[in-house]
Protein chains: 2
Amino acid sequence: MATGRTHRPATRSRGIPEATVARLPLYLRALTALSERSVPTVSSEELATAAGVNSAKLRKDFSYLGSYGTRGVGYDVEYLVYQISRELGLTQDWPVVIVGIGNLGAALANYGGFASRGFRVAALIDADPAMAGKPVAGLPVRHTDELEAIITDNGVSIGVIATPAGAAQQVCDRLVAAGVTSILNFAPTVLSVPEGVDVRKVDLSIELQILAFHEQRKAGEDAAQTTAATPPRVPRTAGGGRKGPDGDVPAVMPA
Amino acid sequence: MATGRTHRPATRSRGIPEATVARLPLYLRALTALSERSVPTVSSEELATAAGVNSAKLRKDFSYLGSYGTRGVGYDVEYLVYQISRELGLTQDWPVVIVGIGNLGAALANYGGFASRGFRVAALIDADPAMAGKPVAGLPVRHTDELEAIITDNGVSIGVIATPAGAAQQVCDRLVAAGVTSILNFAPTVLSVPEGVDVRKVDLSIELQILAFHEQRKAGEDAAQTTAATPPRVPRTAGGGRKGPDGDVPAVMPA
DNA sequence: TTGTGTGAAAGGATTCACAGCA
DNA sequence: TGCTGTGAATCCTTTCACACAA
């Protein structure tokens with residue numbers, strides 16, 4: 001998941017493991033819920049359960065941030081909310097742009113979770129001239145031509161790509177050229193970016209495929225599958241060079 | 001722990017690492033693209049680049065599936081597509097239901113990536129009676145009352161939850177009770193499920209928060225941040241028990 | 001010669017288990 | 001007494017480097 005980042009632990013002990021960083025938002029959410037219920041303190045056990053992890057992991061994670069707990073008592077909810085928010089950089093507001101206002105882009109624009117957690121949608125951008133000016137989630141859609149100006153004028157450093165796969169790399173290039181250094185990519189493509197730019201990917205069909213793998217596993221628990229003890233060594237180098245018409249390799253996934 | 005796990009017991013090499021499984025869809029996508037361009041073979045180097053990983057990792061990953069390459073040549077594209085599809089369980093069609101047809105649910109319903117990769121949207125389900133019957137992505141929205149019937153009638157084992165956070169656990173419980181054993185959760189909640197049920201989570205705001213963390217890091221590269229070498233040990237146990245009114249802990253994240 | 005397949009080494013992440021502090 | 005904070009052990013993942021097949 002984590003986009004290849006060549007870690008250079010230059011500056012002292014600034015080394016929170018990537019796996020820990022990925023869980024901080026989880027803790028933050030659980031803590032925010034507790035905070036709203038005015039719960040003053042929480043133990044690692046309780047918080048871990050609320051966040052869906054185990055308590056040893058949680059304590060180890062927190063140990064990278066500092067010693068914010070009280071032995072025999074637990075953690076002060078408000079204090080932890082603040083510390084984690086600060087660590088994640090959420091005490092400042094991040095303006096983001098969303099490019100590609102199709103179904104998904106519109107869904108993202110309407111997603112409340114952004115605004116409430118340190119992010120502000122600075123603009124919605126789409127390539128379709130017919131979309132321009134149309135209000136989506138209270139914001140008028142802007143045309144792609146304005147992309148560069150929007151980025152610079154708003155000091156945007158985080159961009160969300162929700163375009164079709166074909167347009168993603170081009171949009172990415174323009175975002176980066178205009179100054180964006182973090183990209184959240186929903187298009188099913190591998191983006192290539194220069195050093196120093198972070199890309200995170202969310203891929204809906206990949207998640208489903210992973211589920212399918214485990215699902216298949218469950219189904220074939222007793223009924224020994226095709227590949228039980230015999231590795232499917234198919235003699236594909238039969239006569240000539242390439243492969244027979246079809247019969248050796250089933251035609252899956254019709255384009 | 002069980003001693004006979006690391007050995008070479010009866011069932012041969014039944015153990016594809018989770019990290020590898022998570023990358024198989026990536027390879028599959030890259031291979032499908034090559035297949036569409038009628039490229040007959042690829043090297044680990046080329047395919048790795050296309051998939052956004054390094055070649056050593058890719059070769060190691062493939063080694064868990066079997067020896068599907070040809071030394072000195074590379075991999076047969078069609079053959080690999082088939083093998084990976086089979087491994088992921090995509091040679092069969094998986095009926096899925098999407099629950100919660102708001103912005104996101106509609107986006108998912110319209111997402112082409114599902115249908116083309118072994119998944120079939122069996123039904124769209126929403127709790128709003130006003131939605132019932134409305135066509136979304138060519139399918140009529142069904143009411144939540146029908147959930148159980150839909151699951152059993154279609155033999156659905158994979159469910160997608162795109163409801164608001166508040167409804168997610170309840171929907172999850174009903175899905176599981178009706179026979180669903182894999183869930184893709186888009187709601188920002190931790191779902192609790194019985195043993196044997198897989199849950200994968202996609203959380204939009206979490207991804208952004210992880211980006212923000214790295215973004216902040218970049219910004220503070222030279223301008224030594226608040227927390228440079230001094231751990232922010234705040235003397236929060238001042239006089240009484242709890243914390244002072246406010247002034248110690250800044251009020252971040254206004255609900 | 002070329003590029004796969006894979007032991008072995010290195011690096012992370014998770015879990016254990018318990019000392020130590022409130 | 002109760003729960004945090006953390007070395008140490010374990011497990012998982014990635015990378016290295018090279019034997020070996022085509």
Side-chain angles (χ1 to χ4, degrees), chain A residues 1-9 13 15-24 26-27 40-49 51-77 79-80 83 231 233 235-238 240-241, chain B residues 1-3 5-8 13 15-24 26-27 40-49 51-77 79-80 83 231 233 235-242:
Chain A
M1 294 350 176
T3 320
R5 277 261 298 164
T6 342
H7 273 306
R8 206 111 316 210
S13 63
I16 302 181
E18 195 53 38
T20 295
V21 172
R23 279 188 296 266
L24 291 182
L26 247 61
Y27 303 142
T41 59
V42 66
S43 69
S44 64
E45 194 66 60
E46 294 165 324
L47 183 54
T49 303
V53 303
N54 69 52
S55 63
K57 198 185 287 182
L58 178 143
R59 287 202 304 279
K60 181 61 100 179
D61 283 342
F62 285 0
S63 79
Y64 293 116
L65 308 185
S67 294
Y68 294 154
T70 305
R71 292 173 195 233
V73 178
Y75 302 92
D76 182 291
V77 171
Y79 187 65
L80 247 195
Q83 290 299 345
R233 284 267 51 187
R236 65 192 186 293
T237 320
Chain B
M1 306 309 151
T3 328
R5 171 66 186 92
T6 338
H7 274 347
R8 206 128 309 166
S13 57
I16 301 181
E18 195 53 39
T20 295
V21 172
R23 280 187 295 266
L24 291 181
L26 248 59
Y27 303 142
T41 58
V42 283
S43 69
S44 64
E45 195 66 58
E46 295 166 324
L47 183 54
T49 303
V53 303
N54 69 52
S55 62
K57 199 185 286 182
L58 178 143
R59 288 204 302 281
K60 181 61 100 180
D61 282 343
F62 285 0
S63 80
Y64 293 116
L65 308 184
S67 294
Y68 295 153
T70 306
R71 293 178 192 224
V73 178
Y75 300 92
D76 182 292
V77 172
Y79 186 65
L80 247 194
Q83 289 298 346
R233 284 268 50 190
R236 65 194 187 292
T237 320
R242 284 296 323 295

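The figures here come from the full heavy-atom set of this structure, side chains too, leaving out hydrogens, waters and symmetry mates. Lettering of chains follows the sequences in order, A, B, ..., and the numbering in each one begins at 1.
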Worksheet entry | Closest heavy-atom pair and its distance - A:Leu47, A:Val42 | N-CG2, 3.7 Å
Discussion item. Between A:Ser44 and D:dT4, is there a contact of a side-chain N or O with OP1 or OP2 at under 4.0 Å?
Written reply: yes
Item to complete: Considering non-hydrogen atoms only, spot the tightest contact between A:Ala48 and A:Asn54 and give its length.
Response: CB-C, 3.7 Å
Worksheet entry | Length of the line joining B:Leu80:CG and C:dG5:C1', which is rounded to integer Å | 14 Å
Worksheet item: In whole angstroms, how far is the P atom of D:dT6 from the OH atom of A:Tyr68?
Response: 12 Å
Worksheet, complete the sentence: Heavy-atom nearest pair, A:Ile16 first then A:Leu65, reads CD1-CD2, 3.5 Å
Fill in: Nearest-0.5 Å distance, CG of residue A:Leu24 to CD of residue A:Gln83
11.5 Å
Item to complete: Would you mind reading off the distance between B:Glu18 atom CD and D:dC11 atom C1', rounded to a whole angstrom?
Response: 15 Å
Worksheet entry | Aromatic centroids of A:Tyr68 and A:Tyr79 separated by under 6.0 Å | yes
Worksheet item: Rounded to the Å, how far apart are B:Leu65 CG and C:dT6 C1'?
Response: 14 Å
Discussion item. Distance check needed: D:dT1 P versus A:Glu45 CD, whole Å only.
Written reply: 20 Å
Fill in: Protein-nucleotide distance (B:Leu58, atom CG; C:dT6, atom P), rounded to Å
14 Å
Item to complete: Go through A:Phe62 and A:Leu80 one step at a time and tell me if the side chain to side chain contact (heavy atoms under 4.5 Å, CB included) criterion holds.
Response: CA-CA 9 Å; A:Phe62 285 0; A:Leu80 247 195; 3.3 Å; yes
Worksheet, complete the sentence: Bend of the helix from C:dT1-D:dA22 to C:dA22-D:dT1 from end-axis comparison, five pairs per end, nearest 10°, comes to 10°
Worksheet entry | Minimum heavy-atom distance A:Ala51-A:Leu26, with the two atoms named | O-CD2, 3.4 Å
Worksheet entry | Shortest non-hydrogen contact from B:Tyr75 toward B:Arg59 | OH-CG, 3.9 Å
Response to the item:
5'-most contact on DNA chain C (nearest-nucleotide basis), B:Tyr75 vs A:Asp61, goes to B:Tyr75
Worksheet item: Atom CG of B:Leu47 and atom P of C:dG3: how far apart are they, to the nearest Å?
Response: 14 Å
Practice prompt. Any chance you could list the contact pattern along nucleotides 15-22 of chain D? Use B for base contacts, S for sugar-phosphate-only contacts and - for none, protein heavy atoms under 4.0 Å, 5' to 3'.
Written response: B-B-BBBS
Worksheet item: Can you list the residues that meet the side-chain hydrogen bond (donor to acceptor under 3.5 Å, both in side chains) rule with B:Thr20, with sequence neighbours excluded?
Response: B:Asp61
